[in-house]
Each structure stands twice: as structure tokens, then as C-alpha cells.
There are 2 protein chains.
Amino acid sequence: MQENHEFSRIERAPAYRLVYDAIERQILAGRLRVGDPLPAEIQLADQFGVNRSTVREGIRLLEQSGLVERDGGKRPRISVPHYLDLASSASRALILHSVTFRELWEASMVLEPAIAEHAARHIDQSGLDELLGNLTAMQAEVVSIEGGKPADVLAFVGLDREFHEILAKVGGNRVLALAHEPVTSLFIPTGQVILPRLKTYRRVLDAHRYIFDCLAAKDHAGARSWMHKHMDDFRRAYELTALSLDAPLDAVSLSMSEATPSMRSR
Amino acid sequence: MQENHEFSRIERAPAYRLVYDAIERQILAGRLRVGDPLPAEIQLADQFGVNRSTVREGIRLLEQSGLVERDGGKRPRISVPHYLDLASSASRALILHSVTFRELWEASMVLEPAIAEHAARHIDQSGLDELLGNLTAMQAEVVSIEGGKPADVLAFVGLDREFHEILAKVGGNRVLALAHEPVTSLFIPTGQVILPRLKTYRRVLDAHRYIFDCLAAKDHAGARSWMHKHMDDFRRAYELTALSLDAPLDAVSLSMSEATPSMRSR
DNA sequence: AACAGTCCGTTTGTCGGACAATTGCAGATA
DNA sequence: TATCTGCAATTGTCCGACAAACGGACTGTT
């Protein structure tokens, strides 16, 4: 006969994690505010009753989760995790999970047209100016390439990415922008492979221009529709390069995207 | 006249971050494979030529980024970041950025119908069974509530969330699932507030049932359409509770109701 | 008064060493 | 063979120490 005592699982988290949890709660509860410097390690150690080394390990967890930011040798400050950090983690995770191009493309067929539509509804003059700057830069690239110069693929895909990121930004919906960011990140290395082979530079530029025209005219249906075409083009190009839609994006893609430095500068 | 020397920013990363970078590269390059135990700290310290404490701080960074997993007191292992970890970071970030309910809802109007459509295209019998189990459990809840019992709101929203997560899973698109997860997470606390006030339990159940019927019939257009209605319902309910669409989601929603564990218990 | 240079306390980054608790494993035992 | 036992390896935590960098006060110059 057995006792029917039910013991709940004993959780014995290491002290450094408890430190992390405690500080995280203080931040989320607003008792430690964004921008404030973190208390000195030795003070935290005293308050928690643990060693400074233990506190430091807890702070590393905070640091990696984006809640604490060290700006040079200065005092670390409380901060809010930035989108781009999250997005790059997400991209890395997706690659490690062997996500296929098809999944990526399907997601972009959902997200990108919606983002274009949102952008058309909310864009203002400064957003249009920003897009226009991007378009003229890309135009210059295309003219240069068609003039016989060797294509600066890296610069081109950078502009491509920038166009889509501006769109996500001016839409004013940060949830969509966050969801969209990893998709863009993962498209970039693919674009680097496809563009030099198929030389569809002008085709990309034209698509961006059509979308821009719709945005300027506040034609959200048109923006959505053109973006849809633009994305579908990308899939066709991918297939034309004899790459399988269902092959996982391999680690090579990641190493290439790592080469492009984080856009987060300050 | 100015010299046009361009000095690139000097980056002086601390040693523990270099340790992190080095190990991360080894993992991404596949030289450290998922599931393998991490080399012993002292060995890493020897190889890198730094102190063990420094290595430990680097490992904390890996741990928080999900690349290393400690399973109880055992040797930490290489792992791939799991979706749910990323999603919870994303949710937290969105709340800290004071995202509004409107943004959340707009994103869900994009993602959820698309996910429902995908699910209708790809669902198999086991997925249907899983959904059916969820539906019957929710049905039991609703019957119990309508019978006069006090509503177990927590259990109900848990089932609600489960329904949507199953949908995202059976759709087979991990990019969409990942994008979807934070949205679901953030809807939950909102649901907890709305449901007891408006008592729309049966309405939710009915919507889920309609969606299920469409999935069973592989009617992807119907699934999309019903999900669209379901989401729109949610917005209306939100408005009926006199909450503003454009107020930021309160940080209270996120705060885990958990007492501060004692650090000195040792 | 505005400005630059200097000094000093504080804080972080890193080191070395130490020890208890736990895990994994190999050898001993029934 | 299956189980127990003891040892080595490893992690978590502590202690103490010191160089380097930062912030701020103080001083001297124009």
C-alpha cells in the first residue's frame, strides 16, 4: 500500500538565477527604471547575501536578455530589450531548427503584404522621404550595375532590407514589425545568393517603386497587391536557382548574415 | 579643412563576452553539436587562457541565450533555443515598449486567420484529435459555468490559448508559429480580464467549434473567415469593457505572482 | 569666469585559490 | 547479473586581491 502524499517537484535554482529573477522582477515592477544605473555589484551582493561573483553571474543573464546594457566600461544601465536583438536571436533559432525556405516564404507572404497595407494607411511625409532616399540609392546601384560595373551585392541587399524595414517601421505596429524582422534577416543571405545569379536587380527596384507609388497615393490595396507580387517573385527566383523550397536554410546562410554588422548603432 | 581619416569605433569587449562569442561560433559551426555536454569550465579556462570565473560568466550568457541548457545539477549541454523562451522574451519586450492593444489586435488579425488557413491545409487526424480533446474540455467548463458554478477563468483562458497553439503547431510553419506565440501570450492576461466581465464563454467555444468544423472539412477559406470573426469578436469585447484600444498593455499583466524566494536558505 | 589638467575614491573586470555538494563511473560485492 | 560503494570530476559558491577605467572634486592658468 502506498502513501498518496503528492510531493511537488523540488526546484533548486542556483543562486545566480535567483539574483536574476529578483532583479528582473524589480525592473518589470518599475522599481528599477529604464535608464537608471544598476546598483553596484558589491551592494547587490550585500543585499542578497551572496558573493559578488554570484551577483555578477546573475547580471550576465540580465545582460544577455537585454534588460541590462553595458555601454563601454561604464556602469551598466537598466534598458528595454531592443527589437533587433530579439530578432537576431529568433533568426538564429530558426536556422538551428532547420527551418525551410518554404516556411520562411509562407510567413513572408502573410506578413509583408499586411505590413505594406499598414504602411499605406499610416505613412507620413517623412516616411515617404525616407523611402525615396532608399529608392534613389537603389536606382543608382542598378544604373551602375547595368553600366557594366561589378555588382555590389552586399550594398544592394542592404538597401533591399532597408526598404522593407522602413515599411515595417512606418506602419506603426511594433508587434508586426517584430514578427517581420527575423523573416527579413533570413531573406538577406538568400538574396545574396540569388541576385548575382539571376541579375534581377531592376526587377526588385521596379517592385519597390510600384509599392512606393501606392504608398504615396495611400492606395493600401495596391500596396498589398504589389507586395504580394514582389514576394511571389522572390519565390520564383529561388526556384529558378534550382534550390529546393523544402531544404532547410543551412548554417552557411547564418554565417553570411553574421558578416553584416548589427544595425544597432548608437 | 578636415582630415578625412575615418576611425572605426574601437571595440573593447570584455573577456567573458569573447568567451561567449567563441563558444557560440563553435556551436553555430557545428563543431559543438546539440546534445553534447559543454567542456568542463576548467578546461575551457585553460584553452582560452582566462580564469574560470570569466568562463563562467561567458557560460551565463550562453545559458540565457538558450544555446546551453543546464538540466538540474548535471553537466550543461549544448541546445537549440526553444520557441517558448524566445516568445516569452518577445512578450516581455513588447510590454516594456508599451505596445497597445490595438497593435496586438492588428497583428493577430494578420496572423491568426493565416494560421487557421495553414492549419486547414495541413492538419491530420492526430491534430484533429488533439483539438477535439481541447474542445470537449472547454465544453465541460462552459457547461459547468452555465450550471452556476464559479467560473475557473484561469483554466478557461488556458484552454483558449491551447486551442490557438495547437492550430499554430499543426500548420507546420514554425516561422508563423514563432511570430504567433507572443501575440497569444499577451492576449491571455487580457482575456482574463474580459471574460469574467462579459461572460462570453459560450461565444468563444462556439467560435472554436466552427473553426474546428472547417478544419475537419479542409475548408481553409472557412477556417480563415471564422478565425477572422473570432478575433474581431475579441476586439469588440475589449471595447465593451471600456478599455481603450490605444492604452498600453499594463505591466501588471506580465508580473508573475510569485513571492521573492529567500536567498539565504542554505 | 571659462577652461584644462590632476588627483582620488568607486566600480568593474579579472585573477587565484578554496571547499561543499552532486554526478558519473568503475570496481567491489551479493 | 544486478546492486552497492567509493572515488574522481565538475559545478556552485565563497573569499580576497588588484589593475584599469570612470566620475567627480579640486587646482591652476588664461
Side-chain angles (χ1 to χ4, degrees), chain A residues 7 9-24 26-27 32-33 35-79 266, chain B residues 7 9-24 26-27 32-33 35-79 260-266:
Chain A
F7 290 110
R9 178 174 166 72
I10 285 183
E11 78 296 334
R12 214 170 36 80
Y16 64 81
R17 185 154 289 278
L18 298 181
V19 168
Y20 167 82
D21 288 339
I23 299 180
E24 181 194 39
Q26 297 285 315
I27 296 174
L32 286 176
R33 265 169 305 186
D36 290 350
L38 203 62
E41 293 168 357
I42 189 66
Q43 289 178 24
L44 290 172
D46 282 347
Q47 291 183 33
F48 288 124
V50 300
N51 191 268
R52 197 180 136 226
S53 305
T54 305
V55 169
R56 282 176 64 78
E57 294 189 28
I59 293 180
R60 295 303 155 253
L61 297 180
L62 289 165
E63 190 175 324
Q64 190 63 14
S65 67
L67 289 171
V68 160
E69 199 176 36
R70 56 149 189 66
D71 187 21
K74 295 174 203 164
R75 290 279 291 278
R77 294 180 176 286
I78 311 292
S79 68
R266 109 185 20 230
Chain B
F7 291 110
R9 180 174 167 71
I10 286 182
E11 78 296 333
R12 216 170 33 80
Y16 64 81
R17 184 154 289 277
L18 298 181
V19 168
Y20 167 81
D21 288 337
I23 299 180
E24 181 194 41
Q26 297 285 314
I27 295 174
L32 287 175
R33 267 168 304 184
D36 289 350
L38 205 60
E41 293 168 356
I42 189 66
Q43 289 179 23
L44 290 172
D46 283 346
Q47 290 183 33
F48 288 123
V50 298
N51 192 272
R52 188 165 79 101
S53 307
T54 305
V55 169
R56 284 177 63 79
E57 294 189 27
I59 293 179
R60 295 302 156 255
L61 297 180
L62 289 166
E63 190 174 323
Q64 190 64 13
S65 66
L67 289 171
V68 161
E69 202 176 33
R70 53 151 191 67
D71 185 22
K74 295 174 201 163
R75 289 279 291 278
R77 294 181 175 285
I78 312 292
S79 68
T260 311
S262 164
M263 299 267 164
R264 290 191 159 265
S265 65
R266 188 140 58 82

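Convention: sequence-line order gives letters A, B, ...; per-chain numbering from 1.
- One finds no side-chain N or O of B:Asn51 lying less than 4.0 angstrom from the OP1 or OP2 phosphate oxygen of C:dT14.
- Taking only side-chain nitrogens and oxygens, B:Arg75 never comes nearer than 4.0 Å to OP1 or OP2 of C:dG24.
- Side-chain polar atoms of B:Glu57 and B:Tyr20 form no donor-acceptor pair below 3.5 angstrom.
- Of the listed nucleotides (C:dC15, C:dG13, D:dG12), D:dG12 has the atom at the smallest distance from the side chain of B:Arg56.
- Closest contact between the side chain of B:Pro76 and the listed nucleotides D:dT11, C:dT11, C:dT14 involves D:dT11.
- Considering B:Asn51, B:Val50, B:Thr54, B:Asp21 in turn, B:Thr54 is the only one that fulfils the side chain to side chain contact (heavy atoms under 4.5 Å, CB included) rule with B:Tyr16.
- Protein atom OH of B:Tyr16 is 13 Å distant from nucleotide atom P of C:dC15, rounded to whole Å.
- Listed nucleotides D:dC14, C:dT12, D:dT10 differ in distance to A:Val50; the shortest reach to its side chain belongs to D:dC14.
- Across all strands shown, A:Arg60 has heavy atoms under 4.0 Å from sugar-phosphate atoms exclusively, and none from any base.
- Residue B:Arg52 has no polar side-chain atom (N or O) positioned under 4.0 Å from OP1 or OP2 of C:dC15.
- Nearest to the side chain of A:Pro14, among C:dT12, D:dT11, D:dG12, sits D:dG12.
- At a threshold of 4.0 angstrom between heavy atoms, the contacts of A:Ser53 include nucleobase atoms, whether or not backbone atoms are also involved.
- Scanning all heavy atoms of the two residues, the minimum distance from A:Glu63 to B:Leu61 falls at CB-CD2, 4.5 Å.
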